[in-house]
Amino acid sequence: MVYRRTAAVQERLDAARSRIVTAALSLVAERGYAACSMADVAARAGIGVGTVYRYFPGKGELFAEVFRDACSREVAAATAAGARAAATGTHTDSLLASVRTFCDRACRAPTLAYALLAEPIDALVDTERLAFRQSFADAFAAAIRAAALAGELPDQDAPLTAACIVGAIGEALVVPLARGEADARVLAALETFTLRALGAPTDRRAS
(Lines give C-alpha, C1' and ligand atoms only; values in the text may rest on other atoms or scores of the structure.)
Protein backbone atom coordinates (compact mmCIF):
# COMPACT_ATOMS: atom_id res chain seq x y z
CA MET A 1 0.00 0.00 0.00
CA VAL A 2 1.31 3.42 -0.95
CA TYR A 3 1.67 5.74 2.02
CA ARG A 4 -0.22 8.97 1.64
CA ARG A 5 0.52 11.91 3.88
CA THR A 6 -2.38 13.25 5.85
CA ALA A 7 -3.23 16.94 5.64
CA ALA A 8 -1.87 17.42 9.15
CA VAL A 9 1.46 15.79 8.29
CA GLN A 10 1.82 17.82 5.10
CA GLU A 11 1.02 20.99 7.03
CA ARG A 12 3.81 20.23 9.51
CA LEU A 13 6.26 19.53 6.70
CA ASP A 14 5.35 22.73 4.89
CA ALA A 15 5.66 24.71 8.13
CA ALA A 16 9.14 23.30 8.76
CA ARG A 17 10.23 24.12 5.22
CA SER A 18 8.88 27.64 5.56
CA ARG A 19 10.70 28.06 8.88
CA ILE A 20 13.98 27.03 7.25
CA VAL A 21 13.54 29.46 4.34
CA THR A 22 12.55 32.29 6.68
CA ALA A 23 15.59 31.65 8.88
CA ALA A 24 17.90 31.60 5.87
CA LEU A 25 16.43 34.83 4.52
CA SER A 26 16.91 36.60 7.84
CA LEU A 27 20.55 35.49 7.93
CA VAL A 28 21.21 36.71 4.39
CA ALA A 29 19.66 40.06 5.29
CA GLU A 30 22.01 40.32 8.29
CA ARG A 31 25.23 38.81 6.97
CA GLY A 32 25.06 38.29 3.24
CA TYR A 33 25.20 35.00 1.35
CA ALA A 34 28.83 34.00 1.96
CA ALA A 35 28.55 34.27 5.74
CA CYS A 36 25.55 31.91 5.96
CA SER A 37 25.99 28.19 6.48
CA MET A 38 23.52 25.35 6.72
CA ALA A 39 24.42 25.01 10.40
CA ASP A 40 23.64 28.70 10.95
CA VAL A 41 20.28 28.26 9.27
CA ALA A 42 19.45 25.24 11.39
CA ALA A 43 20.34 27.12 14.57
CA ARG A 44 18.25 30.12 13.56
CA ALA A 45 15.29 27.88 12.67
CA GLY A 46 15.63 25.92 15.90
CA ILE A 47 16.03 22.54 14.22
CA GLY A 48 18.81 20.06 13.55
CA VAL A 49 21.18 20.40 10.60
CA GLY A 50 20.06 16.99 9.36
CA THR A 51 16.51 18.28 9.10
CA VAL A 52 17.64 21.15 6.89
CA TYR A 53 19.40 18.69 4.57
CA ARG A 54 16.27 16.57 4.48
CA TYR A 55 14.51 19.44 2.76
CA PHE A 56 17.44 20.89 0.81
CA PRO A 57 20.37 18.78 -0.51
CA GLY A 58 22.81 21.68 -0.25
CA LYS A 59 23.30 25.38 0.27
CA GLY A 60 22.70 26.14 -3.39
CA GLU A 61 19.24 24.54 -3.39
CA LEU A 62 18.25 26.24 -0.13
CA PHE A 63 19.39 29.70 -1.07
CA ALA A 64 17.97 29.41 -4.58
CA GLU A 65 14.57 29.18 -2.89
CA VAL A 66 15.48 31.99 -0.50
CA PHE A 67 16.46 34.24 -3.40
CA ARG A 68 13.35 33.24 -5.35
CA ASP A 69 11.19 34.23 -2.41
CA ALA A 70 13.06 37.49 -1.74
CA CYS A 71 13.12 38.48 -5.40
CA SER A 72 9.41 37.85 -5.86
CA ARG A 73 8.69 40.14 -2.91
CA GLU A 74 10.82 42.92 -4.36
CA VAL A 75 9.21 42.65 -7.78
CA ALA A 76 5.75 42.59 -6.20
CA ALA A 77 6.49 45.70 -4.10
CA ALA A 78 7.80 47.67 -7.08
CA THR A 79 4.94 46.54 -9.32
CA ALA A 80 2.36 47.49 -6.69
CA ALA A 81 3.92 50.95 -6.35
CA GLY A 82 3.74 51.37 -10.10
CA ALA A 83 0.09 50.34 -10.17
CA ARG A 84 -0.80 52.84 -7.45
CA ALA A 85 0.95 55.63 -9.34
CA ALA A 86 -0.76 54.65 -12.60
CA ALA A 87 -4.16 54.96 -10.94
CA THR A 88 -3.70 58.69 -10.42
CA GLY A 89 -0.93 59.62 -12.85
CA THR A 90 0.72 58.66 -16.12
CA HIS A 91 2.50 55.56 -17.33
CA THR A 92 5.78 57.40 -16.85
CA ASP A 93 4.79 58.16 -13.25
CA SER A 94 4.11 54.45 -12.82
CA LEU A 95 7.54 53.46 -14.08
CA LEU A 96 9.27 56.05 -11.94
CA ALA A 97 7.36 54.88 -8.86
CA SER A 98 8.52 51.31 -9.51
CA VAL A 99 12.13 52.42 -9.89
CA ARG A 100 11.91 54.59 -6.78
CA THR A 101 10.43 51.76 -4.72
CA PHE A 102 13.04 49.26 -5.90
CA CYS A 103 15.89 51.63 -5.03
CA ASP A 104 14.39 52.74 -1.72
CA ARG A 105 13.87 49.18 -0.53
CA ALA A 106 17.42 48.30 -1.55
CA CYS A 107 18.83 51.19 0.46
CA ARG A 108 16.79 50.23 3.51
CA ALA A 109 18.10 46.64 3.42
CA PRO A 110 21.60 47.04 1.93
CA THR A 111 23.03 43.66 2.91
CA LEU A 112 20.13 41.75 1.41
CA ALA A 113 20.03 43.99 -1.66
CA TYR A 114 23.76 43.51 -2.26
CA ALA A 115 23.30 39.75 -2.03
CA LEU A 116 20.42 39.85 -4.51
CA LEU A 117 22.22 42.13 -6.95
CA ALA A 118 25.93 41.43 -6.90
CA GLU A 119 27.44 39.22 -4.20
CA PRO A 120 29.33 36.18 -5.58
CA ILE A 121 26.96 33.23 -5.20
CA ASP A 122 26.35 29.61 -6.16
CA ALA A 123 25.37 28.93 -9.77
CA LEU A 124 21.93 27.69 -8.71
CA VAL A 125 21.30 30.95 -6.90
CA ASP A 126 22.61 33.00 -9.80
CA THR A 127 19.82 31.57 -11.94
CA GLU A 128 17.34 33.22 -9.58
CA ARG A 129 19.27 36.48 -9.77
CA LEU A 130 18.94 36.48 -13.56
CA ALA A 131 15.22 35.77 -13.26
CA PHE A 132 14.96 38.66 -10.79
CA ARG A 133 16.53 41.08 -13.22
CA GLN A 134 14.38 39.80 -16.09
CA SER A 135 11.19 40.21 -14.04
CA PHE A 136 12.04 43.84 -13.34
CA ALA A 137 12.97 44.45 -16.96
CA ASP A 138 9.67 42.93 -18.14
CA ALA A 139 7.67 45.13 -15.76
CA PHE A 140 9.59 48.25 -16.81
CA ALA A 141 9.21 47.38 -20.50
CA ALA A 142 5.43 47.11 -20.17
CA ALA A 143 5.26 50.59 -18.63
CA ILE A 144 7.60 52.02 -21.27
CA ARG A 145 5.48 50.61 -24.10
CA ALA A 146 2.33 52.05 -22.55
CA ALA A 147 3.96 55.44 -22.05
CA ALA A 148 5.21 55.52 -25.63
CA LEU A 149 1.79 54.56 -27.01
CA ALA A 150 0.24 57.34 -24.93
CA GLY A 151 2.67 59.85 -26.38
CA GLU A 152 4.41 60.44 -23.06
CA LEU A 153 7.76 59.10 -24.29
CA PRO A 154 9.55 58.85 -27.63
CA ASP A 155 9.07 55.61 -29.55
CA GLN A 156 11.81 53.18 -28.50
CA ASP A 157 12.79 49.54 -28.04
CA ALA A 158 11.04 49.06 -24.69
CA PRO A 159 12.72 45.76 -23.67
CA LEU A 160 16.17 47.15 -24.49
CA THR A 161 15.60 50.41 -22.63
CA ALA A 162 14.18 48.49 -19.67
CA ALA A 163 17.17 46.15 -19.57
CA CYS A 164 19.53 49.12 -19.69
CA ILE A 165 17.73 50.81 -16.80
CA VAL A 166 17.80 47.66 -14.67
CA GLY A 167 21.48 47.15 -15.42
CA ALA A 168 22.35 50.76 -14.68
CA ILE A 169 20.48 50.77 -11.38
CA GLY A 170 22.17 47.57 -10.28
CA GLU A 171 25.60 48.85 -11.24
CA ALA A 172 25.06 52.22 -9.58
CA LEU A 173 23.92 50.62 -6.33
CA VAL A 174 26.61 47.93 -6.00
CA VAL A 175 29.33 50.01 -4.32
CA PRO A 176 27.00 52.09 -2.10
CA LEU A 177 25.21 48.93 -0.93
CA ALA A 178 28.47 47.09 -0.28
CA ARG A 179 29.63 50.04 1.85
CA GLY A 180 26.23 50.68 3.41
CA GLU A 181 26.33 54.22 2.05
CA ALA A 182 23.30 54.34 -0.26
CA ASP A 183 21.19 57.39 0.60
CA ALA A 184 18.66 59.86 -0.79
CA ARG A 185 21.25 61.43 -3.09
CA VAL A 186 21.78 58.11 -4.85
CA LEU A 187 18.02 57.65 -5.26
CA ALA A 188 17.55 61.14 -6.68
CA ALA A 189 20.38 60.64 -9.17
CA LEU A 190 18.93 57.31 -10.30
CA GLU A 191 15.50 58.86 -10.83
CA THR A 192 17.02 61.58 -12.98
CA PHE A 193 19.05 59.02 -14.92
CA THR A 194 15.94 56.92 -15.56
CA LEU A 195 14.02 59.89 -16.93
CA ARG A 196 16.90 60.85 -19.20
CA ALA A 197 17.25 57.27 -20.43
CA LEU A 198 13.55 57.26 -21.29
CA GLY A 199 13.72 60.61 -23.06
CA ALA A 200 11.31 62.16 -20.53
CA PRO A 201 11.62 65.65 -19.00
CA THR A 202 13.69 65.42 -15.81
CA ASP A 203 11.38 67.85 -14.01
CA ARG A 204 8.97 64.93 -13.56
CA ARG A 205 11.20 63.59 -10.79
CA ALA A 206 9.63 63.80 -7.37
CA SER A 207 11.25 66.27 -5.01
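Quick caveat, the model's predicted, so the values are computed rather than measured.
Interatomic distance, Thr101 OG1 to Leu96 CG, rounded to the nearest 0.5 Å: 9.5 Å. Taken to the nearest 0.5 Å, the CG atom of Leu153 stands 8.0 Å off from the CG atom of Leu95. Atom CZ of Phe102 and atom CZ of Phe140 lie 7.0 Å apart (nearest 0.5 Å). Within the model, atoms CE of Met38 and NZ of Lys59 stand 9.5 Å from one another, a figure rounded to the nearest 0.5 Å. Note that CZ of Arg133 and CD1 of Ile169 are 10.0 Å apart. Values are rounded to the nearest 0.5 Å. For the atom pair CG of Leu117 and CD of Glu74, the computed distance is 9.0 Å after rounding to the nearest 0.5 Å.
In summary, Asp69 and Arg73 engage in a salt bridge, as defined by a charged side-chain N under 4.0 Å from a carboxylate O. The existence of a salt bridge linking Glu119 and Arg129 is excluded, since no basic side-chain nitrogen approaches an acidic carboxylate oxygen closer than 4.0 Å.
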**Item:** Step-by-step side chain to side chain contact (heavy atoms under 4.5 Å, CB included) determination, Arg100 to Leu187
**Value:** CA-CA 7 Å; Arg100 187 181 302 121; Leu187 301 186; 5.8 Å; no
**Request:** Could you check Tyr55 against Val21 for side chain to side chain contact (heavy atoms under 4.5 Å, CB included), going step by step and ending with a plain yes or no?
**Result:** CA-CA 10 Å; Tyr55 286 89; Val21 173; over 6 Å; no
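When all heavy atoms of Ala118 and Val174 are compared, the closest pair comes out as CB-CG2, 3.7 Å. The minimum heavy-atom distance linking Leu173 with Cys107 is given by the pair CD2-SG, 4.4 Å. Summarising the geometry of Leu177 relative to Ala113, their closest heavy-atom pair is CD1-CB, 3.7 Å, with the distance given to 0.1 Å. In terms of heavy atoms, Ala162 sits closest to Ala141 at CB-N, 3.5 Å. The two residues His91 and Ala143 make their nearest non-hydrogen contact at CB-O, 3.9 Å. The two residues Ala85 and Ala97 have their closest heavy-atom pair at CB-CB, 3.6 Å.
Side-chain contact check for Arg19 versus Ile47: some heavy-atom pair is nearer than 4.5 Å. A 4.5 Å side-chain heavy-atom check between Val186 and Cys103 finds every atom pair outside the cut-off. A heavy-atom distance below 4.5 Å is not found between the side chains of Phe193 and Leu198. Val175 is listed as a side-chain neighbour of Arg179, based on a closest heavy-atom distance under 4.5 Å.
Under the 6.0 Å cut-off for aromatic ring centres, Phe67 and Phe132 do not qualify, their centroids lying 6.0 Å or more apart.
In this structure a side-chain-to-backbone donor-acceptor pair under 3.5 Å is missing from Thr111 to Arg31. In this structure, Glu65 contributes its side chain and Leu62 its backbone to no donor-acceptor pair below 3.5 Å. The backbone N or O of Thr161 sits nowhere less than 3.5 Å from a side-chain atom of Gln156 that would complete a donor-acceptor pair. A donor-acceptor pair under 3.5 Å is absent between the side-chain atoms of Ser94 and the main chain of Thr90, judged by distance alone.
Results of the side chain to side chain contact (heavy atoms under 4.5 Å, CB included) test with Phe63 over Val28, Asp122, Leu25 single out Val28 as the only residue that passes.
Side chains of Asp40 and Ser37: a donor on one and an acceptor on the other come within 3.5 Å. Side chains of Ser26 and Arg44: a donor-acceptor N/O pair is present below 3.5 angstrom, by distance only.
Under the 4.5 Å side-chain heavy-atom criterion for grouping Ile, Leu, Val, Met, Phe, Trp and Tyr, Val66 is not connected to Leu124 through any hydrophobic cluster. Leu27 and Tyr53 fall within the same hydrophobic cluster, where Ile, Leu, Val, Met, Phe, Trp and Tyr residues are linked whenever their side-chain heavy atoms come under 4.5 Å apart, directly or through other members. Linking Ile, Leu, Val, Met, Phe, Trp and Tyr whenever their side-chain heavy atoms come within less than 4.5 Å puts Ile20 and Val49 in one cluster.
Within 6.0 Å of CD on Glu171 lie no more than 12 heavy atoms contributed by other residues, nucleotides or ligands.
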